[in-house]
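Worksheet for the structure shown next.
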Amino acid sequence: MSPITTEQLRAEVLGAAVALAGEGMSLRQEIALERPPRAELGDYSTNAALLLAPSLGAPPREVAQRLGAELKARLGDGLDRFEVAGPGFLNLFLHPRWFAAALSEVLKAGERFGAGGASAPERVLVEFVSANPTGPMHVGHARNAAYGDALARVLSLHGHEVVREFYVNDAGSQVRKLGESIQALARGEEVAEDGYKGEYVKQLSAGLADAANTEPAELGHMAVEAMVSNMQASLGAFGVVTFDHWVYESTLHSGQPSPVEHTLAILEAQGQTYRSEGALWLRTTAHGDDKDRVLVRSSGEHTYFASDIAYHQDKRERGFQRQIDVWGADHHGYVARMKAAYDALGGDPEHLEMLIMQLVHLVRRGERAQMSKRAGEFVTLDDLVAEIGVDAARWFLLSRSHDTTIDLDLDLAVEQSSDNPVYYVQYAHARIASMLVKAGPERVAAALVEQGNYDGGRAEPEHASERGLIKRLLAFPAEVQEAARRRAPHRVAAYALELAQEFTAFYRDCHVLDVQPQELESLRIALCVATQRTIACSLDLLGVSAPTEM
RNA sequence: GCCCCCGUAGCUCAGCUGGAUAGAGCGUCGGACUUCUAAUCCGAGGGUCGCAGGUUCGAAUCCUGCCGGGGGCACCA
């Protein structure tokens with residue numbers, strides 16, 4: 001029985017290592033199965049011998065030789081040959097037969113290839129965007145939205161049960177301030193110095209009936225409704241999968257007892273709070289924070305922090321083992337206190353993740369521009385989409401790690417959007433679609449049956465480009481796992497580009513349609529289908545479309 | 001002052017649970033469209049991985065310090 005996926009290959013390597021060193025082998029690092037830096041170094045390589053050498057008391061290269069022999073015995077014909085290289089790497093050259101069998105596994109997995117790899121599926125709540133409803137969403141929110149959405153998709157594909165939530169801050173003084181600004185505009189008065197300005201406020205004012213004679217607080221809430229509706233439309237246009245819940249901060253203050261009161265009662269009962277200077281404090285310093293925090297001001301009002309704790313407690317009570325908050329860079333100071341509060345509530349801080357999105361800097365003519373919401377000077381999510389389109393925008397925002405700052409020069413982005421690598425990936429997808437149309441559905445179906453039931457003896461991938469493409473496909477499940485584990489959807493973007501490049505090399509070197517013998521055409525058609533599915537799946541994880549023609 | 005993120009090619013960024021000659025896109029230069037989609041392909045050029053120590057058989061990757069950039073340090077939200 002030959003191993004036919006990289007997972008099985010890895011298992012064989014580990015098995016061979018155990019055969020040499022025994023069950024109780026101690027390693028300084030984990031044995032890795034990786035792709036060597038250059039093609040002539042083999043299909044896969046392992047550092048196992050380097051790690052086993054000390055405990056075996058033998059030179060690494062000698063250990064590698066023994067390990068290779070052991071593997072050869074296990075893999076039989078699947079392993080063409082092995083080489084010992086450098087300080088003691090074991091390089092594996094697999095037989096084309098192995099690749100044919102591996103491709104058949106990919107085909108059998110079908111649309112589910114790469115899915116469901118989570119060893120311990122969790123119920124995860126991903127809260128993201130949560131933009132204040134006092135203004136339009138800017139590019140920072142666009143980044144947050146793209147990231148949170150993609151992360152949720154990745155986690156979901158990996159096998160977790162994911163719920164998406166948007167937290168609406170509709171209870172603060174900012175909402176009243178927005179109402180005041182709207183009223184001032186409706187009355188033809190000057191907006192206060194610290195009020196809200198900008199075109200959207202005028203539109204809100206014009207859209208609300210009798211704004212001149214309505215209470216600012218009431219106006220504020222009407223405006224929030226309108227803003228939430230706008231945000232929903234903008235997010236929808238940006239391809240963000242619909243949020244499962246929109247949770248309003250105000251609901252945390254209603255009911256008997258309200259969620260906030262309920263949460264404060266828990267904290268008080270556990271002796272986590274104290275009164276000082278007329279305020280109620282949470283002893284966050286007992287849980288790693290650098291100073292205690294106020295929950296209820298001396299004025300009797302709850303702080304935002306109190307609402308936030310109640311919100312997180314509410315999520316816990318709804319049964320989420322894991323909470324992920326996707327927050328803006330300006331919230332990083334909240335991480336320690338929120339974790340402390342979570343700990344104080346009796347939760348495991350390890351199960352509360354606050355992912356901090358670094359800033360998107362706006363650049364104009366080579367200089368950083370300031371985004372000011374009150375002054376109405378910023379690039380909105382809608383602007384971004386209108387200028388460069390959803391696919392280019394999402395790719396741009398998602399192909400970088402969330403913890404690096406991004407410079408966005410919109411003029412440059414518009415100018416360069418047609419050079420966006422996203423189109424390269426989409427192009428590969430469209431090309432395949434075109435070829436498969438040309439082949440015809442019956443021919444494609446026959447090829448899939450033929451290759452999906454591979455049992456040796458048929459055409460094998462003799463060309464290095466065929467094997468290169470299969471190797472890249474085989475890497476997909478591990479990429480999804482890495483992206484999920486590290487909360488790093490940008491890895492999927494990098495993978496999609498590599499896969500498209502690998503396909504393009506295959507396309508260049510290997511003619512597909514009407515090649516002889518027919519078994520070879522089947523193999524290549526099947527390879528095209530597997531590639532198309534995997535590109536489509538990768539793009540979908542990013543929320544980018546996979547067109548069938550361009 | 002304290003905390004978080006970043007510093008890799010001209011530009012934008014991957015790589016960082018240590019591994020072999022550090023990668024991609026864009027830009028630059030030179031080639032390729034009677035061939036399954038040229039939104040493509042082939043080739044060239046481009047690097048003290050911020051600096052200095054340390055750990056290691058092996059460091060862009062881990063540790064410490066320093067320098068530089070960004071962000072945060074409310075009884076605001």
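To find a chain, count down the sequence lines: A is the first, B the second, and so on, and within it residues start at 1. This one's a predicted model, so the numbers in the text were calculated from it and none came from an experiment.
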Review point. Does the distance from a Lys or Arg side-chain N to an Asp or Glu carboxylate O, for Asp290(A) and Arg293(A), drop under 4.0 Å?
Key: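 So Asp290(A) pairs with Arg293(A) through a salt bridge.
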Considering Watson-Crick and G-U wobble pairs with both distances under 3.5 Å, what does [N] pair with?
N	value
G19(B)	C57(B)
A39(B)	none
C73(B)	G1(B)
C11(B)	G25(B)

Review point. When rounded to the nearest 0.5 angstrom, what is the spacing between CZ in Arg61(A) and CG in Leu90(A)?
Key: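 Answer rounded to 0.5 Å: 11.0 Å.
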Without decimals, in angstroms, what is the distance between [X] [atom1] and [N] [atom2]?
X	N	atom1	atom2	answer
Leu499(A)	A24(B)	CG	P	17 Å
Gln516(A)	C36(B)	CD	P	18 Å
Leu50(A)	A59(B)	CG	C1'	15 Å
Leu41(A)	G19(B)	CG	P	15 Å

Atom pairs, N/O to N/O, protein against nucleotides 11-15 of chain B, distance under 3.5 Å?
from   : atom 1 : to        : atom 2 : distance (Å)
U12(B) : O2'    : Arg400(A) : NH2    : 2.0
C13(B) : OP1    : Thr405(A) : O      : 3.1
C13(B) : OP1    : Asp407(A) : N      : 3.2
A14(B) : OP1    : Ser401(A) : N      : 2.6
A14(B) : O3'    : His490(A) : NE2    : 3.4
G15(B) : OP1    : His490(A) : NE2    : 2.9

For [X] and [N], is the shortest distance between a side-chain N/O and OP1 or OP2 below 4.0 Å?
X	N	value
Arg297(A)	C76(B)	yes
Arg431(A)	A38(B)	yes
Gln501(A)	G25(B)	yes
Tyr427(A)	A39(B)	yes
Lys291(A)	C2(B)	no

**Study point:** CD (Glu549(A)) with more than 12 external heavy atoms under 6.0 Å
**Key:** no
What interatomic distance, in whole Å, is found between [atom1] of [M] and the corresponding atom of [N]?
N	M	atom1	result
G53(B)	G72(B)	P	35 Å
C49(B)	G68(B)	C1'	16 Å
A52(B)	G7(B)	C1'	16 Å
U8(B)	C51(B)	C1'	14 Å
A22(B)	G45(B)	P	15 Å
G47(B)	A9(B)	P	10 Å
U61(B)	U56(B)	C1'	13 Å
G46(B)	C11(B)	C1'	12 Å

Point to revise | Geometric class of the Tyr342(A)/His312(A) ring pair [parallel <30°, tilted 30-60°, perpendicular >60°] | key: perpendicular
Exercise for review: Indicate the ring-plane relationship of Trp327(A) and Tyr334(A), choosing parallel, tilted or perpendicular according to the 30° and 60° boundaries.
Suggested key: perpendicular
Practice item. Decide yes or no for Asp407(A) and Val360(A): does some side-chain heavy atom of the first lie under 4.5 Å from some side-chain heavy atom of the second? Key: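 No; the side chains remain at least 4.5 Å from each other.
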Point to revise | Close side-chain approach of Tyr147(A) and Phe128(A), heavy atoms under 4.5 Å | key: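 Result no, sub-4.5 Å side-chain heavy-atom pair not found.
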Touch class at under 4.0 angstrom, heavy-atom based, for [X] against every strand present:
X	result
Glu277(A)	base
Asn47(A)	base
Ala85(A)	base

Point to revise | 5'-most by nearest nucleotide on RNA chain B - Asp330(A) or Ala505(A) | key: Ala505(A)
Point to revise | Closest-nucleotide ordering on RNA chain B, the 5'-leading residue of Glu249(A) and Pro36(A) | key: Pro36(A)
Practice item. Would you name the heavy atoms of Gln426(A) and Met550(A) that are closest together and state the gap between them? Key: C-SD, 3.4 Å
Check your understanding: Hey, is the main chain of Leu41(A) close enough, under 3.5 Å, to the side chain of Asn91(A) for a donor-acceptor pair?
Key -> yes
